[in-house]
Amino acid sequence: MRSSYLARRIGTAIFTIVLIVIVNFGLFRMMPGSPERVLSRNPNVTPELIAATRARWGLDKPVIPDQFVRYLAATVQGDLGFSFRGRPVVDILAQRIWPTVILFGLGELVAIVIGLALGAYSGWRRGGPIDYLGNGVSLILYSTPYFLIGMALLLVFATGLGWFPTYGMMTAGATHAGPIDALVDFLAHIALPLTAVSIGLIGQYAIVMRASVVETLAEDYVTTARAMGLSDGRILRHHALPNALLPTVTLIAINLGYIIAGAITVEIVFNWPGLGTLTVEALSARDYGILQGIFLLLSVAVVLANLVADLVYGLLDPRVRA
């Protein structure tokens with residue numbers, strides 16, 4: 001990969017992150033209230049903590065440049081301030097991010113495998129009954145919101161049949177005999193939300209992959225491979241799929257970047273203790289510290305995911321680097 005291409009992509013990502021940090025500062029400074037007022041709502045927060053917060057962020061000084069400079073310095077050091085709960089925002093985000101990463105990471109893996117396989121087969125056998133059925137199901141799944149899929153699964157398999165728990169990540173107050181017992185309890189709780197996430201993503205990947213395969217099959221090199229007598233399986237594996245995968249790289253990267261945004265609806269339906277439920281809790285409590293941290297985390301995740309997509313795209317397709 002050319003160093004100039006790599007430098008351009010990284011430079012663009014850094015510039016975008018800097019703009020995000022600036023917007024993050026201005027957006028939450030325009031909202032009513034202040035960190036001091038938020039902290040004062042918690043009776044367990046001491047006056048010393050409020051005074052330390054005022055001094056740390058320069059709240060008694062002008063917004064520009066004093067507060068802005070201190071905000072930049074603190075953000076670079078990983079200090080995102082305090083929640084109204086009296087705890088550092090970074091600690092709260094670190095505690096709630098892993099349930100979201102586990103849920104949506106596994107959901108992405110399942111959706112990528114099934115969606116790409118379904119889309120590739122539908123595109124390869126376009127016009128057949130499997131193609132019509134697969135494309136129709138993919139369109140339905142793609143147009144169905146996450147929360148609707150989750151509610152349907154919850155009503156049928158949790159409330160109706162009683163096969164799975166209705167909320168949470170683990171059974172509240174349960175004592176597990178060992179790690180196997182705890183793992184079984186965790187798998188029972190994650191089954192429905194994981195299915196909801198996977199179903200919601202499968203349709204996207206299947207549609208994009210099918211369109212890419214259909215377009216690739218019309219290329220001259222595929223026609224040449226067929227004229228040389230290569231088998232259909234070899235043409236699909238070695239010629240069609242590697243080129244058809246290119247558009248899905250961007251889609252996968254974008255979905256990874258928007259994990260937090262997609263987490264909100266699914267996690268609320270199943271009361272999953274991740275960043276989605278934390279976002280709703282912070283909105284209800286007007287906890288600007290948490291919201292500012294989540295906004296920054298989500299935005300940086302999207303930028304980094306797109307940077308990875310650009311770099312992978314450059315590796316797969318030399319024309320992009322040129």
Side-chain angles (χ1 to χ4, degrees), residues 27 83 89 92-115 137-161 163-170 172 186-208 250-288 290-306:
L27 179 64
S83 164
V89 171
I92 297 176
L93 294 181
Q95 180 183 2
R96 302 291 286 269
I97 192 173
W98 288 111
T100 297
V101 170
I102 292 172
L103 174 60
F104 280 81
L106 292 175
E108 278 279 353
L109 291 177
V110 173
I112 289 171
V113 173
I114 298 177
V137 172
S138 298
L139 287 172
I140 294 174
L141 296 179
Y142 179 67
S143 59
T144 305
Y146 285 110
F147 75 88
L148 190 58
I149 298 175
M151 290 177 64
L153 293 174
L154 193 64
L155 289 174
V156 174
F157 296 102
T159 305
L161 299 176
W163 292 352
F164 299 98
T166 57
Y167 67 94
M169 190 173 176
M170 302 287 287
F186 170 75
L187 293 177
H189 282 79
I190 199 177
L192 292 184
L194 178 61
T195 303
V197 173
S198 302
I199 290 177
L201 292 172
I202 285 174
Q204 300 182 40
Y205 295 140
I207 291 173
V208 174
T250 303
L251 180 61
I252 292 172
I254 292 175
N255 282 335
L256 288 175
Y258 279 106
I259 276 181
I260 303 174
I264 295 178
T265 54
V266 175
E267 290 186 0
I268 289 301
V269 170
F270 295 98
N271 197 23
W272 189 261
L275 290 175
T277 52
L278 179 63
T279 303
V280 176
E281 293 171 4
L283 284 170
S284 301
R286 296 177 68 181
D287 192 338
Y288 295 154
I290 292 292
L291 292 175
Q292 189 175 24
I294 291 176
F295 177 83
L296 181 62
L297 181 62
L298 170 60
S299 303
V300 172
V302 172
V303 173
L304 295 180
N306 279 276

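Below, each value reflects all heavy atoms present in this structure, side chains not excepted, and no hydrogens, waters or symmetry copies. Values in this document were obtained by computation on a predicted structure and should not be read as measured data.
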Student: Step by step, work out the side chain to side chain contact (heavy atoms under 4.5 Å, CB included) result for Val113 and Leu109.
Tutor: CA-CA 6 Å; Val113 173; Leu109 291 177; 5.7 Å; no

Student: Would you list the atom pairs, donor with acceptor, under 3.5 Å between side chains in residues 186-202 and any protein atom, with sequence neighbours excluded?
Tutor:
{"from": "His189", "atom 1": "ND1", "to": "Asp185", "atom 2": "O", "distance (Å)": "2.8"}
{"from": "His189", "atom 1": "ND1", "to": "Asp185", "atom 2": "OD1", "distance (Å)": "3.1"}
{"from": "Thr195", "atom 1": "OG1", "to": "Ala191", "atom 2": "O", "distance (Å)": "2.7"}
{"from": "Ser198", "atom 1": "OG", "to": "Leu194", "atom 2": "O", "distance (Å)": "2.9"}

Student: Is there side-chain contact between Leu275 and Leu298, with at least one heavy-atom pair below 4.5 Å?
Tutor: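 Heavy-atom side-chain distance check fails, nothing below 4.5 Å.
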
Student: How long is the straight-line distance from OG1 of Thr159 back to CG of Leu153, given to the nearest 0.5 Å?
Tutor: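 Result: 11.0 Å between the selected atoms.
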
Student: Output the distance between atom CD1 (Ile294) and atom CG (Leu93), rounded to the nearest 0.5 Å.
Tutor: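 It comes to 6.0 Å.
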
Student: Testing the basics here: between Thr100 and Glu267, what is the closest heavy-atom pair and its distance to 0.1 Å?
Tutor: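 Looks like OG1-OE2, 2.6 Å.
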
Student: Rounded to the nearest 0.5 Å, what separates atom CD1 in Ile112 from atom OH in Tyr205?
Tutor: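 Going from the CD1 atom of Ile112 to the OH atom of Tyr205 covers 4.5 Å.
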
Student: Just verifying a value: how many Å separate Leu161 CG and Leu155 CG, rounded to the nearest 0.5 Å?
Tutor: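 Rounded to the nearest 0.5 Å, the CG-CG separation comes to 11.0 Å.
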
Student: For a quick test of reading the model, state the closest non-hydrogen atom pair linking Pro273 to Pro99 and the distance between them.
Tutor: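 Of all heavy-atom pairs spanning Pro273 and Pro99, the closest is O-CG, 3.4 Å.
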
Student: Starting at CD1 of Ile97, measure out to CD1 of Ile92 and round the result to the nearest 0.5 Å.
Tutor: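 Nearest 0.5 Å value for the CD1-CD1 distance: 13.5 Å.
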
Student: Taking all non-hydrogen atoms of both residues, which atom of Ile290 and which atom of Ala282 are closest, and how far apart?
Tutor: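 Closest approach of Ile290 to Ala282: CG2-CB, 3.6 Å.
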
Student: Indicate the atoms forming the closest heavy-atom contact of Ser299 with Phe295, along with that distance.
Tutor: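 In this case the closest contact between Ser299 and Phe295 is OG-O, 2.8 Å.
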
Student: Considering only residues two or more places apart or on different chains, which pairs with a residue in residues 92-104 satisfy salt bridge (Lys or Arg N to Asp or Glu O under 4.0 Å)?
Tutor: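 Salt bridge (Lys or Arg N to Asp or Glu O under 4.0 Å) check on residues 92-104 returns Arg96-Glu281.
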
Student: Hey, what do you get for CG (Leu291) to CG (Leu296), rounding to the nearest 0.5 Å?
Tutor: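 Reported value, rounded in 0.5 Å steps: 12.5 Å.
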
